[in-house]
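Report on the structure given below.
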Amino acid sequence: MRVSVFFAYIFSFCGLLVSVVDIFYNRGKMVNICSIKSCRNIGKDGIHMHKFPSNEQTAMKWTNIIKKIQPSYMPLKSSMICSAHFKTSDYNLNYKKIKLNDNAVPSIFLTTSRKSLMKIFEDLPKNCDSLKYNLSNSDDTKVNETISNTSEYSEASTSLKYNLSNSDDTKVNETISNTSEYSEASTSLKYNLSNSDTSSVLGVADNLLTSSLVTRIKRKTFVGDFNENDLDTPRKRKKYWNTSQRTFNEYKRRIKSLENRNQYLRNKIKNVEQLISHLQKTNKISDECYSMLKDSLPDIQKEIILKQLNMTTQRSVTPELRSFALTLNFYSSSAYNYVRKKFNKCLPHPSTLRKWYTVVDGSPGITKESLVAIELKNDEMKSRGKNLICAMMLDEMCIKEDIHFNGKKNQGFIDFGMGMMEDCDNLPLAREALVIMLVALNSNWKIPIAYFLTNGLLGQEKANIVNLCLEAVHQTGAKVKTLTFDGASSNIMMATKLGANLNISNCQPYFKHPITKENIHIFYDACHMLKLCRNTLGDWKVFFDKNGDAIKWQFFKSLVELQNEKDLHLATKIRNRHINYHKEKMKVKLAAQVFSSSVADAIDYSKNIGLKEFSNSESTTFFCRMINNIFDFLNTRNFLGQTEYKKPIKLDKETFVDEFISTAIEYLKSLQTKVWNKKENKLNHIPIIESKRKTGFLGLIICLTSMSNFFKENIKTKEIDFLLTYKTSQDHLEMFFSLIRTRGGFNNNPTASQFEAAYKRLIVHTELSQIATNSGTNCASQDSTSILHVSSTNKANNICNNDDIFSFAEIENDSELFNKFDNLYNDKYINDVIEYIAGVVTKKVTKVIKCSVCISALMMDIQQNASLINIKSRGALTKPNKNIAEICKIAEFTFRSFQHKIDIQKNIIEFLTIKSISSIQITNYFNCLNEHIKTQDPLNHHTSQIIRLALNFI
């Protein structure tokens, strides 16, 4: 036993040693394989491999010939072609070694299938015998007949690559050289048969038709490798069955996986809105991108886009899909790649988008692509029988001083797009980018038309740029009627150079168009003027009207202090940050909320209830309302304005427009301030429009004057039907600057190269949105974003279905909850504010419930003496139900009692609701519903549900 084990180990070791020796022996050898896919011959057994020629022209011929059968073929340095693909005439016989002629090209290729070859291989032995017999008889005629009779199997033979030059068998040579149709299935005869006898021919033929061809047979691993003869035994049939089942299951698995992968989104997404919502839920796009994509495309184009996304192939990209692709990729490249992957890559590749960007010239100067877009829009308006009326605006954005070489030129120096400054080496660095934008007044789009890199421009230089842009826009057919800018001194000088007069003594806020000579009306940006007025009052603390009554900043400050003291606000948004505005001077929202009608109403209410801090505040509230109305008049956005000041300017409002403009201008001119007179050594009253801080008030006067002139020249003449004054605001440029900053990660000061790259992307985005679609994507107003809200359907069902939504067993009774707040019942300020809140709660509860009896009960017992509501109401406020008002008071006192637990108590809303309900005697409220609730659940009747619903809305 031990001896046998010993010998077994010896034999294993010897086998391992032989394997190691064989590995080391063959390690350095490289196997050369023919590059033709249908051949794949190996360089052995008489088959020679030929590298591609060093001559580039000849190598290109080889490549072109191979590409006819392999279109995707690309040769490598190691690529080789075997001798089976060359004719005998392609070889140079003057060399001892086998060498191709310089102009030789491969010309013999396999065109048959593997199955045909397998059949030929099986029949080869008898044909070999026939060939050997006939070759043994050296008679030329018999050899010729025998070879010609084997034409059926000529596929299994190859060309004889060398002439039988010294033989009389010319017919044999000619016949064999023509047997090239299936030369790849066999090997060429590589030796010269010139001086050989018939036996040598027999030896070569035997090698040709037996050993070399048999080595080409591979293992049957695929279904296509089998034929009928391979099914003659059960074992072979089982092997065929297993192979076919494995192949079938593999293809079935792949098909199922692809179907699940491609149909997942198609089954889930039925329209583009669902696709956009899906991208938002998966955090692939931002809320801004969601709103832009949802609101930018009309329903018809959304259907077109969805159909194109579901198509497997597309010959071209339609304008709708192109706009959708650019918009989605602009906001989120990851979302774009996600949609492209899920929808069979129907969206263009990102490299295609980059090519679209390179078409647009984003260099400084006038953008030609923008002018083309405007021209197309003008043609569209002409087809409707209207003229395209536009507003022009300009503003400057600070950029970082930086030099960057982009491969063609240095970026970062001042550049006006003239092409004459590139060769100068003493140019100053650019600090600002002056952008000029065009906004359609009777359409719904906007587009930047030019930008210039500057280092501080004078008024004359800006005037030249404006004239240049006006002339360029005129070539498109559009008419520019207004020019908007802020109150910078260079802009005022620019207006003077253009021909306008902005002095209050002889105000002429317009100038002539350089070509048409029509009036172009000047508008100061209303938002900037509002901030300047707020800053002036906040810094000087007091103004005076024409009667000498004081307009005091102190009243605004006292209102904030009162609200902080009472912990209740008088339906205003004014807070401490509005009073301490010095660190946020650029926030337009803060200035607009200070000079609002709600603040004026709150000051009047405080005066009416007898608070001494607000005595003699009439002039201040009148000033506040006047500034609020002027700003609303210059900032109209839609037709749904609740007051006349917020509605568009139309022809039927001529009387109102004339009266308001004249009244507002007269009031602004009458405002005065006190200035120390050094000569007389006393304070003198002078008009604010003549003081050093006149810009804000003078700008409002100029805007109102220009609006009056525009109304007379364009609306009364019916050149334009109406005007949304917000379109003359500079907000459009400010939003454009914000988009440019976002391209650099909210970089407030991008470099010149960064600005140019962002400008180009925005121009492509804008141009496609305006030309390819009629949706007006880029003119969406700031307030178009939809507000998310919680559906109240379930709450409405609770009122009628009597569901158990609350357990009274959890209520803890605290009889001392409101004892320490008895004195608050006598505070008129708190009671009036709570009644105001109760009116809002009553309105919300009425909208939610469905029971008609309960709705009627809420409309009864209305609180009539609501002083705060009477002051602030303009017809839309609801007076509260007395029962709801009492519930709101209990809720307010509960909140004050447990205010110290807000940060430590979990589920604070539910906790406060329970505490409030525990202090309410339900039988004391809504007595008119006693008959109605008799047949209902005593623990969950409609009265208790109304109380809980009211507490949830507070």
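Put simply, the side chain of Lys727 gets close to the backbone of Ser443: a donor and an acceptor are under 3.5 Å apart. Listed for the Thr572 side chain is no donor-acceptor partner under 3.5 Å among the backbone atoms of Ser598. Side chain of Thr476 to backbone of Val473: a donor-acceptor contact under 3.5 angstrom is found. Using modelled atom types, one side-chain atom of Ser706 and one backbone atom of Ile522 make a donor-acceptor pair closer than 3.5 Å. Thr620 places a side-chain N or O within 3.5 Å of a backbone atom of Lys552 that can act as its donor or acceptor partner. With hydrogens and angles disregarded, a donor-acceptor distance shorter than 3.5 Å links the side chain of Asn564 to the backbone of Val560. Without hydrogens or angle criteria, Thr636 side chain to Thr725 main chain gives a donor-acceptor distance under 3.5 Å. Looking at Asn442, its side chain never comes within 3.5 Å of a backbone N or O of Ile720 through a donor-acceptor pair. Panel note: side chain Asp525, backbone Gln730; a donor-acceptor pair is recorded below 3.5 Å.
The side-chain hydrogen bond (donor to acceptor under 3.5 Å, both in side chains) analysis of residues 454-470, with sequence neighbours excluded, yields the pairs Glu396-Lys462, Arg431-Asn455, Gln460-Asn464, Lys462-Ser490, Lys462-Asn491.
Residue Lys669 holds its NZ atom at 6.5 Å from CD1 of Ile689, rounded to the nearest 0.5 Å. In this structure, the separation between CG on Asp395 and CZ on Phe485 is 11.5 Å, given to the nearest 0.5 Å. Taking CD from Gln411 and CZ from Phe755, the interatomic distance works out to 12.0 Å, rounded to the nearest 0.5 Å. To the nearest 0.5 angstrom, Lys512 atom NZ is 9.0 Å from Glu518 atom CD. Rounding to the nearest 0.5 Å gives a distance of 5.0 Å between CZ of Phe511 and CG of Leu483. Taken from CZ in Phe413 to CD in Glu401, the straight-line distance is 11.0 Å, to the nearest 0.5 Å.
By the 6.0 Å contact criterion, CE on Met381 is enclosed, its count of non-hydrogen atoms from other residues, nucleotides or ligands being greater than 12. Taking a 6.0 Å sphere around NZ of Lys541, one finds it holds more than 12 heavy atoms contributed by other residues, nucleotides or ligands.
Residues Phe595 and Phe631 place their aromatic rings such that the two centres sit no closer than 6.0 Å. For Phe523 and Phe710, the gap between ring centers reaches or exceeds 6.0 Å.
Partners of Glu690 by salt bridge (charged side-chain N to carboxylate O under 4.0 Å, His left out), not counting sequence neighbours: none found.
Here the side chains of Leu458 and Met493 are not in contact, with every heavy-atom distance at 4.5 Å or above. Counting heavy atoms from C-beta outward, Phe556 and Leu537 have side chains that approach closer than 4.5 Å.
Phe543 pairs with exactly one of Phe697, Trp553, Tyr667 by the ring pair (Phe, Tyr, Trp, His ring centres under 6.0 Å) rule, that one being Phe697. Put simply, the residue from Ile492, Ile701, Thr705 that forms a side chain to side chain contact (heavy atoms under 4.5 Å, CB included) with Leu502 is Ile492.
Ionic pairing of Lys531 and Asp486 is not present here: no N-O contact between side-chain nitrogen and carboxylate oxygen is shorter than 4.0 angstrom.
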